[in-house]
Every structure is written in C-alpha cells, then in structure tokens.
Student: 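Below: one structure in structure tokens.
Atoms within each ligand, like the ligands themselves, are counted from 1 in listed order. Positions are given from 1, in the same order as the sequence printed here. Owing to the predicted nature of the structure, the values given are computational and were not obtained by experimental measurement.
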Amino acid sequence: MIKNTSFDNKAPILEVKNLKKYFETPSGMLHAVDDVSFELYPGKTLGVVGESGCGKSTMGRAILRLHEPTSGEVIFEGQDVLALSPGEMKKKRRDMQIIFQDPFASLNPRMTIYETIAEPFLIQKVYRKNEVEKIKVEVLNLMKLVGLAERLINSYPHELDGGRRQRIGIARALALKPKLIICDEPVSALDVSIQAQILNLLQDIQDKLGLTLIFITHDLSVVKHLSDEIAVMYLGMMVEKCKAEDLFKNPLHPYTKALLSAIPIPNPDLPGNQITLKGELTSPIEPEPGCRFAKRCLYATPGCTGRDFELKEVGKDHFVACILYDNTKNQQEA
Ligand SMILES: Nc1ncnc2c1ncn2[C@@H]1O[C@H](COP(=O)(O)OP(=O)(O)O)[C@@H](O)[C@H]1O
Ligand SMILES: [Mg+2]
C-alpha cells in the first residue's frame, strides 16, 4: 500500500505555535525550547532529531503539559490544550500519550504486566477495580497487539528483556486509544537487534490504528524510514523541517548537513565526507539573539547574530531557519 503523504484537505491534528519552555537555573533562564512552531496532520509521523540536550524531550513534555510551557500555544484537534483545567487535561491525556526511552525506569518494578497495563483504565475510571474480567480482556487484547505472550501476564519488569519491557510501555500508552503518541527515544536504550522489531511494531500499530506520531531521537537513521516529515532541532530551536526524503536528498541548514554527514556509511569503499563540527557551543542559558549554530557553522557571517531566524518555507513543505535562505537578507542587499 502506498502511504498517503498528501497533506491537503485535512485540518492538522496538532498545531504548536511559538512554544517556549524556559527553566530557572542559578546562572539564569535556560532556554530549553525557544519559539518552536509546527503543524502535524492526522496519521502522520513527525521525526524530531538533534543532539542530546537540544530540547527534544522538553518539547515533547511541554506539548503534553508534563512540563508546563513558559508560553506559546498547543492546539490539539482545534482545542487550546494550555487553557484546560487540570481535570480537563487529565481527560485529554487519553488522546495524547507518551512512550519513554527507558522502559525500566518508567515502569513500576513492583507491578506485574497486568497491573501496569490495567492502571490507565483505573486512573481514567473506565473500569472499577472489581471489574477484573473486563479489564483482563482489555489487557490481553493489548498484549496481543504489542506481541507479548499471554503467559507473561503476571511477570514483573525485571523478569523480561528490554524489548518486552518496551512492549509493555507501548501497550500501556495504547490502552485508552490515544490519537497522538509522542515517542521519546523509544529504542535508544535497546540492543540494535531489538530496535528494528520495536520500530516495526510501532509502524504496524500506527497503520492499524491510524495514530499520529511524534518520534524523537538523536539518531537520524532511526527516523529515516518511519517519518513523513523530519524536524531538526538545535539548542531549543527548529532549524529545518521538511518531508523525510527531502531532508536526506536536499538538506539545507548547515547543521542538518553536518548531522547527515555523521551517519555512518556502511560501504567502506565510499568516502566518508564527514563534516566535523568545531567551535564553541552556545550556552542555552540566556542566549544572545541570533542563530544558535553560528559559532560552529562553516558559513557563518556577521549577519547571523543580532536577531533570531524563523523557519521560512523555501521550497514546497521545506522550511529552514538560516540566513543563507532568508529573504530579509536579500531585501537588505537589494
Ligand atoms: N527539569 C529541568 N531543569 C533544568 N533544566 C532542564 C530540565 N530538563 C531539561 N533541562 C535542560 O534543557 C535542555 C534540553 O534538555 P532535553 O529536553 O532533555 O534535551 P534532549 O531531549 O534533546 O536531550 C538541556 O540543556 C537540559 O539540561
Ligand atoms: Mg531527551
């Protein structure tokens, strides 16, 4: 089946507008997420990539209000999520879920698979605790969906391998039939041999249930095949966003180019062409206005500092925040 990649004629399921999340630190405000905007359409997967510490997890958590955003808007199915009361937000979490990197850390070691997967039904009061038969049917269905054998129902997380533990995390996230799942490095803690199984599982489930995914990873090769679009983050900002195939064929931002050049090339006969990033890292604490990548950028000019750069559409569905593609620069030069 050819995947429908047309973004036309549908309203976005999620609109993130100027989202900021700053943390107070002893040295000043840390700009973990700094003015991020994007739209995501139903049934699609947005891959979010960038180095460790660039704000991927904080962005995911801010969208779900697990970290309360500093400012901005999160519109889910036309509704402003940030305006919801705590009670309303709790209900909304049925539709918006998260899967974490390390299932061992996110699973309660004292709860069996049954108890772990049953818990969301109890928290959201879908069933009462004594409705054991009904809950068990749900738990067994979910275990089947994620490929966990029925006999494991009373096992504890420490009795299982990493892949099975992540399957529990996925089953739990799916329990209340969410529409959007934010997957935060769901395979990064797993053995390479198991990573592909979990990625395939997520894709199968997405196709079956029509889920919308945000897939966060520091590893571009992981999102290459499963994303419709990929957004590249650098120090709290989105610097490029486009269809997945365009990112690999035609990367525009110098940081994206550097990131792509760091993907290991399996054929040893091919030249590496690896771009090594030099230069001082900009601090995320109270950064000066200007491109956050400028200090490490091969193409930096004095114009890269002094003002922030917004994502601009420079080709169909291809957005980049860089002076090299910025119209304002052309106007100033004209
Ligand atoms: N609770 C917190 N308090 C203070 N700083 C934080 C907190 N969580 C994350 N940060 C900082 O925010 C930035 C982004 O972190 P994070 O979102 O975890 O990045 P990533 O997921 O891309 O590795 C980092 O500089 C990190 O140190
Ligand atoms: Mg993270």
Student: Nearest 0.5 Å please: distance from the CG atom of Leu142 over to the CZ atom of Arg172.
Tutor: 11.5 Å

Student: Run the side chain to side chain contact (heavy atoms under 4.5 Å, CB included) check on Phe293 and Val239 step by step: do they pass?
Tutor: CA-CA 9 Å; Phe293 184 61; Val239 296; 5.8 Å; no

Student: For the Mg ion (ligand 2), check which protein N, O or S atoms are under 2.8 Å away and list them.
Tutor: Ser57 OG

Student: Could you please provide the protein residues found below 4.0 Å of ligand 1 on a heavy-atom basis, arranged by chain and number?
Tutor: Phe23, Leu30, Ala32, Glu51, Ser52, Gly53, Cys54, Gly55, Lys56, Ser57, Thr58

Student: Does the side chain of Ser37 reach to within under 4.5 Å of the side chain of Leu311, using non-hydrogen atoms?
Tutor: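 No, side chains not in contact.
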
Student: Tell me if a side-chain donor or acceptor on Glu150 pairs with a main-chain N or O of Lys144 at a distance below 3.5 Å.
Tutor: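 Side chain of Glu150 to backbone of Lys144, a donor-acceptor pair under 3.5 Å: no, none is there.
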
Student: Consider only side-chain N and O atoms of Glu39 and Tyr41, and report whether a donor and an acceptor are under 3.5 Å apart.
Tutor: yes

Student: Check side-chain hydrogen bond (donor to acceptor under 3.5 Å, both in side chains) between Ser193 and all other residues, then give those that pass, not counting sequence neighbours.
Tutor: none

Student: Who pairs with Tyr299 by side-chain contact (heavy atoms from CB on, under 4.5 Å), at least two apart in sequence or on another chain?
Tutor: Pro254, Cys297, Leu324

Student: Please determine which of Val48, Val223, Leu46 meets the side chain to side chain contact (heavy atoms under 4.5 Å, CB included) test together with Ile216.
Tutor: Val48

Student: Can you name the closest pair of heavy atoms from Phe23 and Ala32 and give their distance?
Tutor: CE1-CB, 3.6 Å

